[in-house]
Amino acid sequence: MESYKGNKTTRKQIVSSIQMDIIKNRKIGEKLPSESEYANLFGTARSTVQKALRDLETMQLIEKVQGKGSFVIFKHPKIEMFNFKGFSEYAHQIGATPITKLIKKKKIDNGHKMLLKRLRSIKINDEIAPLTFDESILSLDDFPGLDQYNFEKGSLYDVLRNRYNTYPAIGNLEVIPVAPEEEISNLLRVSKGNPLLKVNGFVYDSNSEIMEKVGIIYSDQARFKFTLGI
């Protein structure tokens, strides 16, 4: 694992670093370094390491055994979703290879809009885990020529940023349970009728204009976090 001594790190960075170390280098059942060793490695307080290890427990990657230490119990975490900065960027952050399979791309609404359907997966240690089935609708009047891009090789949001100077900023979304159809169940490798979560709504750009209508069905590998004001 990369040495961080002298560079104080945050809890989130520690979680990401240990997670990547587990995925790339550790075996199930292997004992991890102690809290004190991690604190020295990351140049941070032991209490911060304890919180990071609790996060990894919640992700079902490790198990803490009283008096013995922390042990790897799973190498593929539940993936944090609701990440609109870019699927590919997020996959690289967790030490995975992003894979996009184009299911459908066609013009609709008399050629004024583009419908895009994609299966999004990650590859870790030669294993591929499907994560989402995405459906996007975008205006070809606002983004002329967008339908000519290969979205298996390039990120939609990267194209919007770099070619159209449009930046996703806000998502106005609702979450509903769905029983996916057979095609989607097969793509996401879940049992037919197994309830999953679907996100519907709109993504707005930095000028508060609608840039994308989106519908995303998440596989049972996805893990969600919400911050709510009560």
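Treat the numbers as computed from the prediction; the structure is a model and nothing was measured.
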Does the side chain of F143 reach to within under 4.5 Å of the side chain of M211, using non-hydrogen atoms?
yes
Checking Q19 side chain against S16 main chain: does a donor-acceptor pair fall under 3.5 Å?
no
So do S70 and E63 actually touch side chain to side chain, heavy atoms under 4.5 Å?
no
Between N150 (side chain only) and E152 (backbone N and O only), is there a donor and an acceptor less than 3.5 Å apart?
yes
Hey, is the main chain of N194 close enough, under 3.5 Å, to the side chain of S191 for a donor-acceptor pair?
no
Spacing of CG belonging to L160 relative to OG belonging to S155, to within rounding of 0.5 Å:
8.0 Å
From the options K12, R11, Q50, select the one residue that forms a side-chain hydrogen bond (donor to acceptor under 3.5 Å, both in side chains) with D55.
R11
Any side-chain donor-acceptor pair under 3.5 Å between T100 and R118?
no
Does any N or O in the side chain of N162 come within less than 3.5 Å of the main-chain N or O of D158, such that one atom is a donor and the other an acceptor?
yes
When you compare the side chain of P130 with that of L119, does any pair of heavy atoms fall below 4.5 Å?
yes
Do P168 and R161 come close enough that some side-chain heavy atom pair is under 4.5 Å?
yes
Can I62 be reached from V49 by stepping across I, L, V, M, F, W or Y side chains whose heavy atoms are under 4.5 Å apart?
yes
Just wondering, do I122 and I128 contact through their side chains at under 4.5 Å, heavy atoms?
no
Step by step, would you call R46 with S36 a side chain to side chain contact (heavy atoms under 4.5 Å, CB included)?
CA-CA 6 Å; R46 184 171 174 177; S36 297; 3.6 Å; yes
Within the side chain of K31, is there an N or O that forms a donor-acceptor pair under 3.5 Å with the backbone of K68?
yes
Quick check: is L115 connected to L140 through a chain of hydrophobic side chains (ILVMFWY, heavy atoms under 4.5 Å apart)?
no
One should read off an interatomic distance between K113 NZ and K213 NZ, to the nearest 0.5 angstrom, of 7.5 Å
Around E181, counting heavy atoms of other residues, nucleotides and ligands shown, do more than 12 lie under 6.0 Å from its CD?
no
So, are D134 and K117 salt-bridged, with charged N and O less than 4.0 Å apart?
no
Within this structure, what is the OH-CZ distance for the pair Y218 and R120, rounded to the nearest 0.5 Å?
10.5 Å
I176 side chain reached by L197 side chain, heavy atoms, under 4.5 Å
no
Connected via hydrophobic side-chain network under 4.5 Å: L187 and L102
no
Does the E30 side chain pair with the main chain of K27, one donor and one acceptor, at a distance under 3.5 Å?
yes
Apply salt bridge (charged side-chain N to carboxylate O under 4.0 Å, His left out) to E35 and K64, showing your working.
CA-CA 11 Å; E35 293 175 357; K64 294 183 69 177; 3.1 Å; yes
Would L173 and V214 satisfy side chain to side chain contact (heavy atoms under 4.5 Å, CB included), going step by step from the backbone distance to the final call?
CA-CA 9 Å; L173 309 167; V214 66; 3.9 Å; yes
Single-linkage hydrophobic cluster I14~L61, side-chain heavy atoms < 4.5 angstrom
yes
How many angstroms lie between CG in L53 and NZ in K51, if you round to the nearest 0.5 Å?
12.5 Å
So which atom in V159 and which in F151 form the shortest heavy-atom distance, rounded to 0.1 Å?
CG2-CE2, 4.1 Å
For Y164 and D142, indicate whether the former's side chain and the latter's backbone hold a donor-acceptor pair under 3.5 Å.
no
For the residue pair E182 / S185, report whether a side-chain donor-acceptor contact shorter than 3.5 Å exists.
no
Looking at K105 and D147, is any side-chain nitrogen of the basic one under 4.0 Å from a carboxylate oxygen of the acidic one?
no
Short side-chain to backbone donor-acceptor contact, Y167 and Y157, under 3.5 Å:
no
Using the side chain to side chain contact (heavy atoms under 4.5 Å, CB included) rule, take I137 and D109 through it: C-alpha gap first, then chi angles, then the decisive distance, then the call.
CA-CA 10 Å; I137 297 177; D109 194 18; over 6 Å; no
Drop me the distance from D220's CG to L131's CG, to the nearest 0.5 angstrom.
10.0 Å
Within a strict 4.5 Å, meaning less than it, do heavy atoms of the Y38 and I18 side chains meet?
yes
Distance (rounded to the nearest 0.5 Å) between T166 OG1 and Y204 OH:
15.5 Å
Evaluation steps, side chain to side chain contact (heavy atoms under 4.5 Å, CB included), between L32 and R26:
CA-CA 9 Å; L32 295 176; R26 304 287 179 174; 3.9 Å; yes
So, the side chain of Q13 versus the backbone of T10: is there a donor-acceptor pair under 3.5 Å, distance only?
yes
Going by heavy atoms in the side chains, are K198 and V175 under 4.5 Å from each other?
no
Where the side chain of D205 meets the backbone of S208, is there a donor-acceptor pair that is under 3.5 Å apart?
yes
CD1/I170: more than 12 non-hydrogen atoms of other groups inside 6.0 Å:
no
I need the minimum non-hydrogen distance between G215 and N200, along with the two atoms involved.
CA-OD1, 3.7 Å
Is it the case that one hydrophobic cluster holds both F42 and L56, taking links as side-chain heavy atoms less than 4.5 Å apart, direct or via other members?
yes
